[in-house]
Structures are given as structure tokens and as C-alpha cells.
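Structure, as C-alpha cells:
Not measured: the values here are computed from a predicted model. Residue numbers count from 1 along this sequence.
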Amino acid sequence: MLKKTLICLSLLSLGLMQDDSVAASGKLNQKTFLWNNATVYFLLTDRFNNGDKTNDLAYGRKADAAPLRGFMGGDLKGVTAKIKEGYFDRLGVNALWITPPVEQIHASTDEGTGKSYGFHGYWARDFTKVDANLGTEQDFKIFVETSHQHGIRILLDVVMNHTGPVTDDDPVWPADWVRTGPPCDYKNADGAIKCTLVKNLPDFLTESDKPVALPEQLVKKWKQEGRYDKEVKELDHYFARTKFPRAPRYYLMKWHTDWIRRYGIDGFRVDTVKHVEESVWKELKQEASIAFEEWKRAHPKQKLSDDAFFMTAEAYNYPISDGLQFRMDGGGRINYYAHGFDSMINFGFKSDARKTYEALFSSYANYLAHDLKGYSVLNYISSHDDGSPFDPARLFPFEAATKLMLSPGSAQIYYGDEIARPLNIAEAQGDAKLRSMMNWTLLKSNQIIPSISTGQTYQDLLVHWQKLGQFRQAHLAVGAGSHQQLSAIPYVFKRSYNKDGVSDVVVVALDLPASDKHSIEVGAAFKDGDTLKDYYSGQTVLVKAGKVELSGKNSIVLLAK
């Protein structure tokens, strides 16, 4: 019965069976899920899809920014529309990571690259409100509910390290809340924590236990918006329950966890982790977990599962090879996994992806089975602030997809990876080069990808990502299973998962020679008489004499029951 259930769930995730829970409006689409096998789609909300042109410039913002440094119109309604269209379902995505939706500074600032606005979400002015450029609280609620109806978890990007820059319209927070210097020198841990990341980016005094009053600008703002009494009452209740001192970090924890309590956020992607004392993260995880349990009790029909709250860490430059011990500035080591994190973003993947398939897969499986047992990493090929991605010119977009989606660990698709979105926009400077608008027109035109010589189109690439994503989503063994090479030439491997009463086995063949027929050895994974599906070609095959025979010229085979 268990195997039959897993097969049905796999077919549902591929859209090959009717899922009554999806067909019925508002019902949840329950699918097999592990964070260790998650496919996370990371998008900058402002750069993804414009669903409401009336909110493109809020708070008096202007269209006067340097190239790719201003708001471009993407919003929560735009993301929700793509969820409803099934765009993420077809990619096999089961978690969405969005940049912080909180209200940003209103004015622009110049960091040396021209006028910039807080389109990216990391320049907070008010942590308790959705930025009007992205939509409303109701838009956010619908976004989360729609995601959950499609079986998609939400990872919210949170910042405990800094406020937004100071401008004429955005005053500095009080001196008992933030420091405005010195700049970080990275000579030791304090040189990364008790300092400002860059000039004019005030740093929260997260080490302080000194009680502080609400910033005057927030008091004034909340009174103008008619919610001052409500916010203060909630803060009084929070501090009475927790017995925390009214110190800056505890206000921040309350404001961040309110997004869980109100909307049912499933996890946090935590920004600038190494720039905050590690003890703070365990406190945040504790409060987030309490909020998540409260929300699940209040919304029993809306929760996706009984999973615990999830947190992944952005400790800049952490590679999987560091295991549990992140190499802090100055040579110190910090175990962030022991301080509330279930996962860490793996900055090493972009270089590890240059290895052969077997060298990459076997080393990652080994790390996750031993050094990182019980935890995971989030692999990526490109991101919003990494100027050295794997394949920056998009010369090998099919290989990049295959390596990312079939590697042990969880996978992060950066918006546009699936259509080889350019990562070096000539007119932009710095990280703005990585943040162009998602090009939906390009997908409809089905043009040939100019950076490759094979004549394949953007649609071909998208379909490649979709097949890998749906296979990964349907089978826990892909990201969370043990790895075994079955053959070097042709390259064939097995992944197997067996835990908590769930068993799953897959066999994958890559770089197969051009031929009208392929014979794949599968006896180490399946027995004669088993019926298997190739998730890449759609063929159904029978195991005979320890082998399966497939027709067609695909160089990749994705086999499972």
C-alpha cells in the first residue's frame, strides 16, 4: 500500500493523475515533501511579474534610478498569477523564497553606483508592513494561501542585521537601536558583527540587552496609519509572555515572527547570518517555532503538514566542505546548525559544479551522510548577490540544470535560470547586473538560445528544467537519498531513500551516446518484472534480465517505479 501511495503521489506531481485536492477550489495539494529534497525557487518579487501596474511607484518614488537599481513593477499579484497558472507546478517547485516584502526606505541613495531604491527588500523602514510597491497585506495573504493550495511552502527572507540607508526622507534609528560605524574590517568575529556592512547602513545592536523605546519615526508612522494602539498592545503582550528585555533584537524577533503568526510562513531564509551573534539565531528559531505552532493550531485545514518550522542560513562563502563548522573571519569556527539552522546556503556549489558528475554527486552524498547527517545544504548555480556564478555567460545551461537538480541536497533555482536569463547586463553596475526583469515574452517566442551552438531553444531549456524538477519532486531519493555509481561508461547511478517507513529508489543515466536505443543496467536497484517510468521521455519499460531497453535519442534517462 505504501509503495502504491508513493507511485500515486509521484504521478500527481507530474500531472499524470487527477488530484481532487487541486481540482476542488481552495483545497490543499498534499505531496511528498522533505526540506532536504526541496526545490526552492528564489525570486526578487519586484523583478518577476507585474500583476498590478497601479502600484509601480509608491511613496513618491521616481523612475530616476541608475540601470536596474529602481523598482520595475513586479509584485505579489504577479507571483500569485504565475502560481495559479501552474508555472511552478510544472517546474516541480515545492518552496518559494521571496525577498523581504517589508516596507522599504522611501527615497533613493547612492552607494557609488548611482541612485538606488530598496526594490530588493533589504533596506527596511518598517518591518511590520508590506511595501506598497509590492501590494497590500491582503495580496500577501492571498499569495501564501495560493502557494499552499499548490503544495508550495514559503521561505521568507528576514534581516536582523541592519536597517535601510539613511536619507532625507528616512531618518536614522535611535543610537540605542543602531550603530552607524565603524565599517566592518573582518579581522575577527567582532570585525564582522559590531560594525556596519557598508557606509550608511546602520547596524542593529543585536548584542544589547538594554531596554529601548520605540523609534520616534515608527510611533509617528503608526499613529498616522491608525494602528499605533494595536501594535503597542501586541508588543506588551509579547514581552509579557516571553519575559525578554525590550532590547532591539527582541523587537525584531516579534516583528519577523508576526509574518508566521498572521500568514503561515513555513520557513525563514536568514540574511547576513555571520554579521549577528550566533546565539540570536537560536532565540529566533525558538520564537519562530512557537509562532508556527500557533498558526497551525489556528488553521488546521490550511497547514500543509506537521513539519517543524524551517530555517536556512546565508553565512557568506560557506561551502559544504566546511561541514558543521563555518570558517568565521579571523579563523574562528561557528556551528550555525547548532544555533537553530536546519540548512545552510552552499556557496561552494558554483565551483564544485565544474567537477564531473560522479565527483560532484559522490562527494556531496558523503558530506550529507556523515559530516552533515541530519542537516542539509541549499545548492545554487546563480544568485542575486554572487558575481561569480557557475556559467555566468550561460554557455552550458542544460548541464547546469542537470548538475543542480540531480545533486544531493536541496536545490535553489534563481529566477530565470530555467530560461538562461542573462547574468551580466552591460549597462548595469555591480549586483544589479544579476537582477534583470524576468522575460516572459522570450518564452512565448521560442527563440534559439544565442549563447549555445546546439540550436536548442529557450522552450527546450525550460522543458529540461521541468522534467528534472518533476522527477526530483516525485522522488525523495534524488536529494535526500544515498548515492551509488552503477556504471562509469555510460554513467549510471542509483539513489535510495529508506527512512520513517518511506522507501524510494531511482536510477539515472547521463551523457548517453547518440543512439536510437539505450540499454541500461538496473539490476542493482530493481528486480525483473518491475515496471519503470523514464521521467525524461515518458516511456514505460519492463525490467528484464536486470536491464531496461529504451528507444529514442535522449542523452538522459530518469528511472523510477
Side-chain angles (χ1 to χ4, degrees), residues 1-19 31-34 37 39 90-92 94 357-358 361-362 365 401-403 405-408 411 463-499 501-561:
M1 175 61 79
L2 178 59
K3 290 182 178 179
K4 182 177 180 181
T5 301
L6 283 171
I7 291 169
C8 289
L9 287 167
S10 299
L11 292 171
L12 285 172
S13 69
L14 286 172
L16 300 175
M17 287 179 59
Q18 176 63 47
D19 181 357
K31 299 174 181 175
T32 53
F33 180 82
L34 280 178
N37 184 57
T39 299
R90 290 188 292 274
L91 269 175
N94 45 26
Y357 287 120
E358 178 57 20
F361 297 159
S362 61
T402 303
K403 285 184 170 176
M405 299 300 280
L406 295 181
S407 284
V463 169
H464 180 66
W465 278 93
Q466 289 173 337
K467 290 177 178 179
L468 291 166
Q470 290 176 21
F471 178 63
R472 181 185 180 88
Q473 182 191 60
H475 293 284
L476 303 180
V478 178
S482 60
H483 175 86
Q484 179 187 353
Q485 178 178 298
L486 300 182
S487 169
I489 302 174
Y491 178 57
V492 183
F493 68 83
K494 166 190 172 183
R495 297 267 171 82
S496 53
Y497 179 89
N498 196 335
K499 190 176 181 181
V502 177
S503 296
D504 187 34
V505 180
V506 300
V507 169
V508 174
L510 301 174
D511 288 345
L512 293 170
S515 174
D516 292 331
K517 185 174 288 188
H518 297 299
S519 179
I520 309 296
E521 294 271 2
V522 297
F526 305 109
K527 65 181 184 296
D528 286 359
D530 282 345
T531 300
L532 307 182
K533 177 181 176 61
D534 174 19
Y535 281 66
Y536 205 82
S537 68
Q539 296 177 65
T540 299
V541 292
L542 193 67
V543 180
K544 295 179 181 179
K547 299 179 181 181
V548 292
E549 304 284 341
L550 295 104
S551 59
K553 295 184 178 181
N554 291 328
S555 63
I556 177 171
V557 171
L558 309 172
L559 293 168
K561 284 189 175 180

* **Minimum side-chain heavy-atom gap T540-L532 below 4.5 Å** =>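 The answer is no, as the side chains (C-beta and beyond) never meet within the 4.5 Å cut-off.
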Between the side chain of [X] and the main-chain N/O of [Y], is any donor-acceptor distance below 3.5 Å?
{"X": "R495", "Y": "G481", "value": "no"}
{"X": "K467", "Y": "Y536", "value": "yes"}
{"X": "S515", "Y": "H518", "value": "no"}

* **S551 and Q539: side chain donor to acceptor below 3.5 Å** =>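 Yes, a side-chain donor-acceptor pair sits under 3.5 Å.
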* Say whether Y491 and E358, considering side chains only, have a donor N or O and an acceptor N or O under 3.5 Å apart. =>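 Yes, a side-chain donor-acceptor pair sits under 3.5 Å.
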Compare every heavy atom of [Y] with every heavy atom of [X], then report the nearest pair and how far apart it is.
{"X": "A401", "Y": "H464", "answer": "CB-CD2, 3.7 Å"}
{"X": "Y535", "Y": "A560", "answer": "CE1-CB, 4.0 Å"}
{"X": "F361", "Y": "S407", "answer": "CE2-OG, 3.4 Å"}
{"X": "L550", "Y": "S537", "answer": "CD2-OG, 4.5 Å"}
{"X": "G529", "Y": "L542", "answer": "O-CD1, 3.3 Å"}
{"X": "L406", "Y": "L510", "answer": "CD1-CD2, 3.9 Å"}

* Would you call D528 and K544 a salt bridge, taking side-chain N to carboxylate O under 4.0 Å as the test? ->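 Here D528 does not pair with K544 in a salt bridge, since their nearest N and O are not under 4.0 Å apart.
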* Supply the atom-to-atom distance L476 CG to D504 CG, rounded to the nearest 0.5 angstrom. =>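 CG of D504 is found 5.5 Å from CG of L476.
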* Asked: Out of V505, V506, V541, which one pairs with L559 under the side-chain contact (heavy atoms from CB on, under 4.5 Å) rule?
  ->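 The residue from V505, V506, V541 that satisfies side-chain contact (heavy atoms from CB on, under 4.5 Å) with L559 turns out to be V541.
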* **Pi-cation contact, Y357 with K403 (under 6.0 Å, within 45°)** =>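 Yes, K403 sits over the ring of Y357.
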